[in-house]
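One structure below.
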Amino acid sequence: MKTQKKKLRTSLVFAIIVFTVLLSISLGLICYQTFYSGMIKKYKNYEETILNLAVADFDWDAVETSIKNQQEDAALQSLRHRLDYIKSSSSIAWLYLVEPLNTEPADNMKYICTGNTPEDYQGYKDRGEDFVRLGKLSGTEYPPDVAQSYLNFFKNSNPGEFWYYPNKTEWGLVYTTSVVVRNSSGKALGVLSVDINMNEIEKAMHQFPLVISVAGITLGLIFVLALGIWLDRRVVLPLSRLKHAAAQFVESSHGSSDPNALIFANPDIHTNDEMEALSGALLTMTDDLKAYMKNLMHETAEKERIGAELNVATNIQASMLPLIFPPFPDRKEVDLYATMTPAKEVGGDFYDFFFVDDRHVAIVVADVSGKGVPAALFMVIGKTLIKDHTVPGADPADIFMQVNNLLCESNGAGLFITAFLGILDLVTGEFKCVSAGHEPPYILHNGQYVEHKIKKAFVLAGMEDMKYTTVTLMLEPGDKVFQYTDGVTEATNAHEELYGDERLNAILNKTGDAAGRDLLAAVKTDIDRFVGDAPQFDDITMLCLEYKSRMQEK
């Protein structure tokens, strides 16, 4: 745990240092650029003011005559006095009016007039030089590219337009601003320029990064230290406590199924922020988890108990249906086979077959609405009532009338039964049957299964005093009766397609004259193939009665 804590702290400190360095560099660059732009703007405004002062309210037409005559006349003397005054009263390096030529690599600029301070004039005198006069050529003072820039500005500028040019000279860094001087008709006479020495600003700009770096490092160290201490107290230490409590909780959960053995010690975090809220949430989660485990253990035990009871119910239900085949081995006239596959542990479908008397055998196939235990209980009642009322000589329709009324008396759950009852006379082959809303039977005759649409009546337990109709069919030895519940035709695959009557009819006739066991197995296999992995939603019940031979009447 100590290693992870140190790793988190190290990562945080490293991230803070990187962030601080990047922030300091960014702020330094922004400040540097802002300071430099501000100083340049200040120089521009200052130089523009000087040039406007020098140009304003002057007789430039007279100066044009001086330039044309190349004479230091009164007009040019007046201009020189103005420029001298401005130069002496301002913090500038040079103030001069030139005519750009750029016809030769040297002597590519011609001076018209310059402004000088008394100190400048004294310097000329001490050096034995004459001050710059009208017509003096520049020699090599201006490189050809600079002279060309002057010439382009001289020819192409608009009245009142300024040109800015920072440049390195033999006297250091100079910032130059120029404007074209024009006569009253707008003709360009020359370029008036003012230079300001930028050595001081250059020095300041060189010192600026050092100052920013030292200040950034100092403030960054203080910031990193303060933030590191704050993060350690508000983040790292609370997380460490939470981790320790979580590790203890995980360790206490190993090898024990008792919820009371789970331990999550209170981290005792009081930061009044999300960290404290997280601690409280984990404590609440632990209590909820213990309660959930207790409920889960109780519910699991209850489900196991219910599961055991359902297993017993399944066995009881299965034992109530005839499961021994052949059911009447001593009777050669008839053979029976039936299956019931419930959708749940217990189902609502049922079948039955029994001898009413020595010559009459009855079959019952029924489907109770609903699933599970309620349907199974109602199934037991219905099965018992139908069998008890199927007595010698009783008409199938009368049997269903009596059973229906009895079921309606105690049907608080609102369940109902679709049922089919058939009674076969083994001597004559007469097959009397009745349907209470149930599927029609298929009868095999002369090697072909045919669905017999017998008249349906209302379901059992749906409404009292319902009337049912007995239908009589004649079977011949070798004929078979196949009866089923809707779980067969309504079996559904993953595409929500129904198995349907056509598939059932096809598999019955494909199987042909197979024995009852083989016939039902073939149908179930075909249903399973069609359904695939889709879950079974309804009980599947099938019964096959084979009339093998006539019984000799005694």
Check: Any ion pair linking Lys432 and Asp425 (charged N to carboxylate O, less than 4.0 Å)?
Finding: no
Note to self: Taking atom CD as the centre, does Glu496 end up with more than 12 heavy-atom neighbours from other residues, nucleotides or ligands that are less than 6.0 angstrom away?
What the structure shows: no
Checklist line | Pairwise side-chain contact, Val380 with Lys383, heavy-atom cut-off 4.5 Å (strictly under) | finding: no
Checklist line | Option passing side chain to side chain contact (heavy atoms under 4.5 Å, CB included) with Leu498 (candidates Thr492, Asp486, Asn493) | finding: Thr492
Note to self: So for atom CE, which belongs to Met474, do other residues, nucleotides or ligands contribute more than 12 heavy atoms lying within a distance under 6.0 Å?
What the structure shows: yes
Notebook entry, point to check: Hey, is the main chain of Ile363 close enough, under 3.5 Å, to the side chain of Gln483 for a donor-acceptor pair?
Noted result: no
Check: Among Leu543, Leu475, Leu336, which residue meets the side chain to side chain contact (heavy atoms under 4.5 Å, CB included) test with Val481?
Finding: Leu475
Notebook entry, point to check: Would you call Phe458 and Phe416 a side-chain contact if the rule is heavy atoms closer than 4.5 Å?
Noted result: no
Check: Is a donor on one side and an acceptor on the other found under 3.5 Å between the side chain of Tyr337 and the backbone of Pro326?
Finding: no
Next item on the list: Enter the distance from Met463:CE to Cys408:SG here, rounded to the nearest 0.5 Å.
Entry: 8.5 Å
Notebook entry, point to check: So Asp367 and Asp538, side chain to side chain contact (heavy atoms under 4.5 Å, CB included) or not? Walk me through it.
Noted result: CA-CA 10 Å; Asp367 182 4; Asp538 200 0; 4.3 Å; yes
Next item on the list: Identify the heavy atoms of Cys544 and Gly516 that sit nearest to each other, and give their distance.
Entry: SG-CA, 3.9 Å
Check: Side-chain contact, heavy-atom cut-off 4.5 Å: Lys480 with Asp513?
Finding: yes
Check: Would you say Asn411's side chain and Leu407's backbone share a donor-acceptor pair under 3.5 angstrom?
Finding: no
Check: Should Val365 and His438 be marked as a side chain to side chain contact (heavy atoms under 4.5 Å, CB included) after you check the CA-CA gap, both sets of side-chain angles, and the distance that decides it?
Finding: CA-CA 9 Å; Val365 177; His438 202 76; 3.7 Å; yes
Checklist line | Criterion side chain to side chain contact (heavy atoms under 4.5 Å, CB included) on Glu333 and Val427, from CA distance to verdict | finding: CA-CA 9 Å; Glu333 304 91 353; Val427 175; over 6 Å; no
Margin query: I'd like to check Tyr351 versus Pro322 (side-chain heavy atoms, cut-off strictly below 4.5 Å). Are they in contact?
Written below: yes
Item checked: Smallest separation among heavy atoms of Ala419 and Leu460, with atom names -> CB-CD1, 3.9 Å
Next item on the list: Using modelled atom types only, decide if a donor and an acceptor are shared between the side chain of Asp526 and the backbone of Ala522 within a distance under 3.5 Å.
Entry: no
Item checked: Sub-4.5 Å side-chain heavy-atom contact between Ile399 and Leu421 -> yes
Next item on the list: Measure the OH-CG distance between Tyr468 and Asn404 for me, rounded to the nearest 0.5 Å.
Entry: 3.5 Å
Check: Do you know the tightest heavy-atom contact between Ala534 and Ala494?
Finding: CB-N, 3.7 Å
Notebook entry, point to check: Is atom CG of Asp533 surrounded by more than 12 heavy atoms (other residues, nucleotides or ligands) closer than 6.0 Å?
Noted result: no
Note to self: Strictly distance-based, threshold 3.5 Å: is any side-chain N or O of Asp357 a donor or acceptor partner for the main-chain N or O of Pro392?
What the structure shows: no
Check: Got a second to check how far Ile454's CD1 is from Thr472's OG1, nearest 0.5 Å?
Finding: 10.5 Å
Next item on the list: Could you go through the side chain to side chain contact (heavy atoms under 4.5 Å, CB included) check for Val523 and Met542 one step at a time?
Entry: CA-CA 9 Å; Val523 174; Met542 297 179 287; 3.5 Å; yes
Next item on the list: Please work out whether the ring planes of Tyr484 and Tyr442 are parallel, tilted or perpendicular, with thresholds of 30° and 60°.
Entry: tilted
Checklist line | Distance (rounded to the nearest 0.5 Å) between Arg503 CZ and Ile507 CD1 | finding: 12.0 Å
Note to self: Between Asp358 and Arg331, does any NZ, NE, NH1 or NH2 come within less than 4.0 Å of an OD or OE carboxylate oxygen?
What the structure shows: yes
Checklist line | Pair Thr541, Asp349: side-chain N/O donor-acceptor within cut-off below 3.5 Å | finding: yes
Item checked: Least distance between heavy atoms, Lys456 atom then Pro440 atom -> CE-CD, 4.4 Å
Next item on the list: To the nearest 0.5 angstrom, please state how far the CD atom of Glu476 sits from the CG atom of Leu444.
Entry: 12.5 Å
Notebook entry, point to check: Rounded to the nearest 0.5 Å, how far does CG of Asp395 lie from CD1 of Ile423?
Noted result: 8.0 Å
Check: How close do Leu323 and Phe325 get, heavy atom to heavy atom, and via which atoms?
Finding: O-CD1, 3.4 Å
Next item on the list: Measure up the Phe431 and Phe420 rings against each other and bin them: parallel (under 30°), tilted (30 to 60°), perpendicular (over 60°).
Entry: tilted
Next item on the list: Spell out, as yes or no, whether a donor-acceptor pair under 3.5 Å connects the side chain of Thr489 to the backbone of Asp501.
Entry: no
Margin query: Using side-chain heavy atoms (C-beta onward) and a distance below 4.5 Å, is Phe350 in contact with Ile386?
Written below: yes
Next item on the list: Indicate yes or no for a side-chain donor-acceptor contact from Arg550 to the backbone of Leu426 under 3.5 Å, with no hydrogens or angles considered.
Entry: no
Next item on the list: Give me the one residue out of Leu519, Ile443, Leu504 that meets side chain to side chain contact (heavy atoms under 4.5 Å, CB included) with Tyr449.
Entry: Leu519
Note to self: Using a strict threshold of under 4.0 Å (side-chain N to carboxylate O), is an ion pair present between Arg359 and Glu553?
What the structure shows: yes
Next item on the list: Could you point out which residue of Val361, Asp479, Leu473 forms a side chain to side chain contact (heavy atoms under 4.5 Å, CB included) with Leu424?
Entry: Val361
Check: Which atoms form the tightest heavy-atom contact between Thr390 and Ala362, and what is the distance?
Finding: CG2-CB, 4.2 Å
